[in-house]
Amino acid sequence: MRIDVHHHFFLDAQKKAKKNLEVGWRTPDENLPWRPQTSLAAMDKLGVQTAILSPPPFSSASCGAENRAEVRQHNIYASQLCAAYPNRFGFLAGLPFLDDVEGSLEEIAFSLDILGADGVALISCYGDGSSAKYVADDLYDPIWKELDRRRAVVFLHGAQTPSSTPYPHPWLGLPISEVPNETYKAAAHLVVSGKKRRFPNVNIILAHLGGSTPFLAARVAALSHHMGCPLTPSEIIEDFKSFYYETALSAHETTLTAMATLVPSDRLLFGTDFPAVSTKTVEWYTENLENHFAGRPLDLANIMRDNALRLFPNLGKTKVECLSTWTPDK
């Protein structure tokens, strides 16, 4: 059975539908409104024993009590869902708008210590336009310091940030054209800023095989060094190798061959990005993954399950059944 490290939940179907219109995406009709049973049925079909839930990658928000309360509600819901379905779900806690450093630190403590979160979900940048900040911004150092102290797992997903030009075609919306580059920019920012080395105990998973990271790492290595980065090209490449990479919507002979030249198979994790996509789409990528590793059953088993178990040693343990009585919708 498989462990899916990239699995979202949508509590507000109207908000999700509105966001889809803004970014040029269509969530499969059968997945909205989302319910726990939506995921459980898909997991059974896809051979997934446990899915690790994370909130959708929305970057537009503002600091304040309302934002904190919404994030807290989502994290409590995810924790209670884990308690209601033992061994079927884990969860990665969302944080408030990251400029709210105090609120983020409080949510890290509450989610990891009280709710039993398996890690934290971050997005590539926070804010809009020229005021946006990427995750390695100095303002966020206290957050990284705390995550490093806790040896936390961080799932890093590209934000649905629009380009300065419109996306080129209705079939090439932001999730297809921009999100992969957002993941790369966040990873590269962590590397060239030295934050990846400064906070080495944080285990960072890059979504979608790192987006364009595998193909641009060498470009960063030489050109960022040329521009003044004190790390040598070899050190920059070394730091890109220190990430984990998950396979959602990315597994193909071409991408997996490239990944093999960057990281060993123990740095790869299985992901689906359900319910943003259909089970049919997930099956296509999963078949690609299985075909690529057909002659290496141990590597495939590690990617599909065992690497995640090593990274998340408490996965499947009962989450807290606290704070309110609750029965999940079927």
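Fair warning: this is a prediction, and the values are worked out from it, not measured in the lab.
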Taking NZ, NE, NH1 and NH2 as the nitrogens, is one of them in [X] or [Y] under 4.0 Å from a carboxylate oxygen of the other?
X    : Y    : value
D141 : R198 : yes
D44  : R88  : yes
D138 : K133 : no
K280 : E283 : no
E146 : R149 : yes
K195 : D239 : no

Please give me the minimum heavy-atom distance between [X] and [Y], naming the atom from each residue.
X    : Y    : answer
C125 : E182 : SG-OE1, 3.5 Å
L115 : S79  : O-OG, 3.0 Å
L92  : P55  : O-CD, 3.6 Å
A217 : F240 : CB-CD1, 3.6 Å
P275 : N31  : O-ND2, 2.9 Å
G158 : T183 : N-OG1, 3.1 Å

Any side-chain heavy atom of [X] within less than 4.5 Å of one from [Y]?
X    : Y    : answer
T50  : R2   : no
I303 : L289 : yes
Q49  : I3   : no
I143 : L98  : yes
N75  : E107 : yes
H7   : S39  : yes
N203 : Y244 : yes
T279 : L46  : yes

Examine [X] and [Y] and state if one hydrophobic cluster contains both, with Ile, Leu, Val, Met, Phe, Trp and Tyr joined whenever side-chain heavy atoms are less than 4.5 Å apart.
X    : Y    : answer
F270 : L53  : yes
L249 : L172 : yes
V192 : V135 : yes
V71  : Y140 : no
V202 : L105 : yes

Looking at [atom1] of [X] and [atom2] of [Y], how far apart are the two atoms once the value is rounded to the nearest 0.5 Å?
X    : Y    : atom1 : atom2 : result
D100 : F97  : CG    : CZ    : 9.5 Å
S234 : H225 : OG    : NE2   : 9.5 Å
I204 : F155 : CD1   : CZ    : 12.5 Å
Y126 : L139 : OH    : CG    : 12.0 Å
D4   : T272 : CG    : OG1   : 3.5 Å
D306 : D299 : CG    : CG    : 11.0 Å

Are any side-chain N or O atoms of [X] and backbone N or O atoms of [Y], one a donor and one an acceptor, separated by less than 3.5 Å?
X    : Y    : answer
D118 : F91  : yes
N67  : P96  : no
N288 : A251 : yes
N307 : N302 : yes
S278 : T281 : yes
N291 : E287 : yes
S224 : A221 : no
T38  : W34  : no
S131 : G127 : no
S124 : A159 : yes

### Trace of the side-chain contact (heavy atoms from CB on, under 4.5 Å) decision for F10 with L32
CA-CA 8 Å; F10 308 135; L32 289 177; 3.9 Å; yes

### Message
Within 45 degrees of the ring normal and closer than 6.0 Å to the centroid, is that where the cationic atom of K196 sits relative to F243?
### Response
yes

### Query
Can R72 be said to sit on top of F110's aromatic six-ring, NZ or CZ under 6.0 Å from centre and within 45° of the ring axis?
yes

### Message
Could you check, using the six-membered ring where one of them is a Trp, whether F274 and H8 have ring centers closer than 6.0 angstrom?
### Response
no

### Task
Measure centre to centre between the rings of H6 and H208, then say whether the value is under 6.0 Å.
yes

### Message
Could you walk me through whether L256 and L209 satisfy the side-chain contact (heavy atoms from CB on, under 4.5 Å) test, starting with their C-alpha distance in whole Å, then the side-chain angles of each, then the deciding distance to 0.1 Å, before giving a yes or no?
### Response
CA-CA 9 Å; L256 293 170; L209 288 181; 4.2 Å; yes

Please indicate whether [X] has more than 12 foreign heavy atoms, meaning atoms of other residues, nucleotides or ligands, lying under 6.0 Å from its [atom1].
X    : atom1 : result
E66  : CD    : no
R310 : CZ    : yes
H169 : NE2   : yes
E290 : CD    : yes
R219 : CZ    : no
E30  : CD    : yes
R197 : CZ    : yes

### Task
Decide side chain to side chain donor-acceptor pair (under 3.5 Å) for T247 and S250; before the verdict, give the C-alpha distance in whole Å, the side-chain angles of both, and the deciding distance to 0.1 Å.
CA-CA 5 Å; T247 65; S250 303; over 6 Å; no

### Task
Please step through side-chain contact (heavy atoms from CB on, under 4.5 Å) for the pair E102 and R68, ending with a clear verdict.
CA-CA 10 Å; E102 180 181 353; R68 289 188 183 188; 4.1 Å; yes

### Task
Give the C-alpha distance, both sets of side-chain angles, the deciding distance and a yes or no for side-chain contact (heavy atoms from CB on, under 4.5 Å) between F312 and I52.
CA-CA 10 Å; F312 297 100; I52 304 179; 3.6 Å; yes

#### Entry: Steps toward salt bridge (charged side-chain N to carboxylate O under 4.0 Å, His left out) verdict (R150, D113)
CA-CA 11 Å; R150 290 174 173 270; D113 296 339; 2.9 Å; yes

### Message
Can you tell me how the ring of Y134 sits relative to the ring of H189, calling it parallel under 30°, perpendicular over 60° and tilted otherwise?
### Response
perpendicular

